Amino acid sequence: MFTFLHAADVHLDSPLKGLFPYEGAPDVDEIRGATRQALDNLVNFVLSEKVPLVLIAGDLYDGDWQDFNTPLYFAKQMQRLGEAGVRVAVVRGNHDAANTMTKTLIMPDNVKTFRSRKPETWILEELGVAVHGQSYPKQDVTENLAIDYPDPIPGMLNIGMLHCLISGSRGHLPYAPCTLDELAAKGYNYWALGHVHEHAVLRQQPLIVYSGCIQGRHIKETGQKGCVLVEVENNGLKTEFVPLDVFRWVKVTADIGGAETLEQVTTLFGQGLEDVMAKQGGRPCCVRVDLRGRCPIHGRLSIDPETVSANIRAVATDVSRGRAWVEKVELDTAPDFDVEALARSDTPQGELLRYLDELAFSSQLYQDLGVDLTQLKSKLSGSHVVVPEGKMDRMLMDARDVLLTMLADMEGKEQKS
């Protein structure tokens, strides 16, 4: 049996985004250099499993180096592989294209970086493998590079390496666009793709695979990240995803429907976080919190989101034993009453709702109010609070919920007195 490893989008030394320090949050220094730690995990796995060939399908670097520490670190890791007889094939992608890298560093002899002028083939006779690839000559490669890839070498395992976007994929810039049928028509046994940061097996015959990135760097890169181990046997190829990440981005959605107190809200969130953290293999995590549902406390949550966030962070610290950051708390809740019925009622609340509806549908009425947010924006400058622009409907809904909550509180106090 022969094996090779397919990785991509290492983005070596790229910083993690969204880790704001606050009391009780984990130490940022613990995961500083997470991409290096993930690369260490890759190298250690290759050595422990005696994998003879590693493919890195683009965006090894995040752009031009500030200094030589980044490539020197990579070269050191490749030297470790070279001493064990491991060969490494690299193509450059949009982030580390030839025209973005102004500095150079000679890599160890076991590393092959494909040229950018045209596709080429690296034949590894001792492995019976032919690797076909092309690096990006520039960042914005909008032409289909796969068209000019060479024919497969008869009698060898043929692997294509390409940093590209498959037609129909979303969420990434359309660099080196191509279709699955175009790749399959080349006659290769395996296509090692990069650029999309989610692992995906796009086709089985032949195998066309995105390995995904090896370490998530922000909240849009949630879940486990790693590489793909490919086993080559007489009956074909088999893939196995191998997690490499040392830090994970996760989302926790808590249904707080019916919650009447902030304590109930935080308890429901804590239960959801505990379930999510149990699946992360002990890794520290950065959490995006989504509180949703119809609940009596909706108005109070809207009035004081800062208090909500502080309590959520305190619970996160407790539940995770100091292993989780709260990156952001999003409120997707609604009042626990029939707004339409209330709007039809002959009550102060009904009259308020009808007036707010008029404002929402009449820009002139809104302008007549003379609302000027300039002073508010100035006071909030430098804080994490943003005054929404051009979202009158959303602002009016928030104002509605706050005012209805205040009216309900006033009624409650009158009834008690």
Side-chain angles (χ1 to χ4, degrees), residues 1-10 37-60 74 76-91 107-114 121-133 149 152-163 183-184 186-194 196-215 224-246 281:
M1 182 183 70
F2 163 70
T3 62
F4 64 90
L5 186 138
H6 164 204
D9 300 284
V10 176
Q37 296 176 51
L39 181 63
D40 289 349
N41 289 344
L42 184 154
V43 171
N44 292 336
F45 177 82
V46 169
L47 294 176
S48 66
E49 297 295 321
K50 296 180 171 58
V51 179
L53 176 63
V54 173
L55 314 173
I56 301 179
D59 287 357
L60 167 60
F74 177 71
K76 179 181 178 181
Q77 299 307 310
M78 295 305 100
Q79 185 178 5
R80 290 178 60 200
L81 294 181
E83 291 170 353
V86 180
R87 315 297 288 274
V88 182
V90 178
V91 296
M107 286 290 129
D109 292 339
N110 62 312
V111 178
K112 163 67 175 178
T113 301
F114 284 79
T121 301
W122 189 29
I123 297 178
L124 302 170
E125 293 281 1
E126 70 278 17
L127 298 178
V129 174
V131 183
H132 313 275
Y149 269 51
I153 304 298
M156 305 196 86
L157 179 77
N158 286 268
I159 301 172
M161 295 179 65
L162 184 61
H163 199 78
L183 297 184
K186 284 295 176 181
Y188 298 168
N189 304 96
Y190 185 91
W191 276 97
L193 305 184
V196 172
H197 290 192
E198 289 289 330
H199 166 58
V201 178
L202 304 180
R203 192 162 181 157
Q204 290 288 345
Q205 294 293 333
L207 269 168
I208 303 176
V209 180
Y210 279 117
S211 64
C213 58
I214 70 170
Q215 171 61 60
Q224 62 180 1
K225 303 298 179 183
C227 62
V228 176
L229 179 67
V230 184
E231 296 182 357
V232 183
E233 299 175 323
N234 292 333
N235 59 350
L237 278 63
K238 183 174 67 174
T239 65
E240 176 189 353
F241 181 78
V242 179
L244 299 172
D245 53 341
V246 297

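Quick caveat: nothing in here was measured; it's all calculated off a predicted structure. Numbering starts at 1 and runs along the sequence shown.
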Check your understanding: Is there a side-chain contact between Val91 and Leu162, using heavy atoms and a 4.5 Å cut-off?
Key -> no
Exercise for review: Please identify each residue that fulfils salt bridge (Lys or Arg N to Asp or Glu O under 4.0 Å) with Glu126, with sequence neighbours left out.
Suggested key: Arg87
Study note, to complete from the structure: Met156 and Val129 have their tightest heavy-atom pair at CE-N, 3.4 Å
Point to revise | Set of residues satisfying ring pair (Phe, Tyr, Trp, His ring centres under 6.0 Å) with respect to Phe74, sequence neighbours excluded | key: none
Check your understanding: Checking Trp191 side chain against Leu183 main chain: does a donor-acceptor pair fall under 3.5 Å?
Key -> yes
Practice item. Work out which heavy atom in Ile56 is nearest to a heavy atom in Met161; give both atom names and the distance. Key: O-CE, 3.3 Å
Revision key, fill the gap. The salt bridge (Lys or Arg N to Asp or Glu O under 4.0 Å) partners of Arg203 (sequence neighbours excluded) come to Asp181
Review point. What distance separates Glu231 CD from Phe4 CZ, expressed to the nearest 0.5 Å?
Key: 10.5 Å
Review point. Would you say Val230 and Val209 make side-chain contact, with heavy atoms under 4.5 Å?
Key: no
**Study point:** Pro152: side-chain contact (heavy atoms from CB on, under 4.5 Å) partners, not counting sequence neighbours
**Key:** Asn158, Tyr188
Point to revise | Val246 backbone acceptor or donor facing Gln215 side chain under 3.5 Å | key: yes
**Study point:** Minimum heavy-atom distance between Cys227 and Ala7, given as atom pair plus value
**Key:** CB-CB, 4.0 Å
**Study point:** Atom of Glu198, atom of Lys225 and distance for their closest heavy-atom approach
**Key:** OE2-NZ, 2.9 Å
Practice item. Using the side chain to side chain donor-acceptor pair (under 3.5 Å) rule, collect all pairs that involve residues 45-59, keeping only residues at least two apart or in two chains. Key: Asp59-His163
Exercise for review: Flag yes if more than 12 heavy atoms outside Gln204 fall under 6.0 Å of its CD atom; otherwise flag no.
Suggested key: no
Exercise for review: Could you pull out all residues at least two apart from Tyr190 that satisfy side chain to side chain donor-acceptor pair (under 3.5 Å)?
Suggested key: His6
Practice item. Measure from the ring center of His132 to the ring center of Tyr149 and say whether it is less than 6.0 Å. Key: no
Exercise for review: Say whether, by atom type as modelled, one donor and one acceptor occur between the side chain of Asn110 and the main chain of Met78 under 3.5 angstrom.
Suggested key: yes
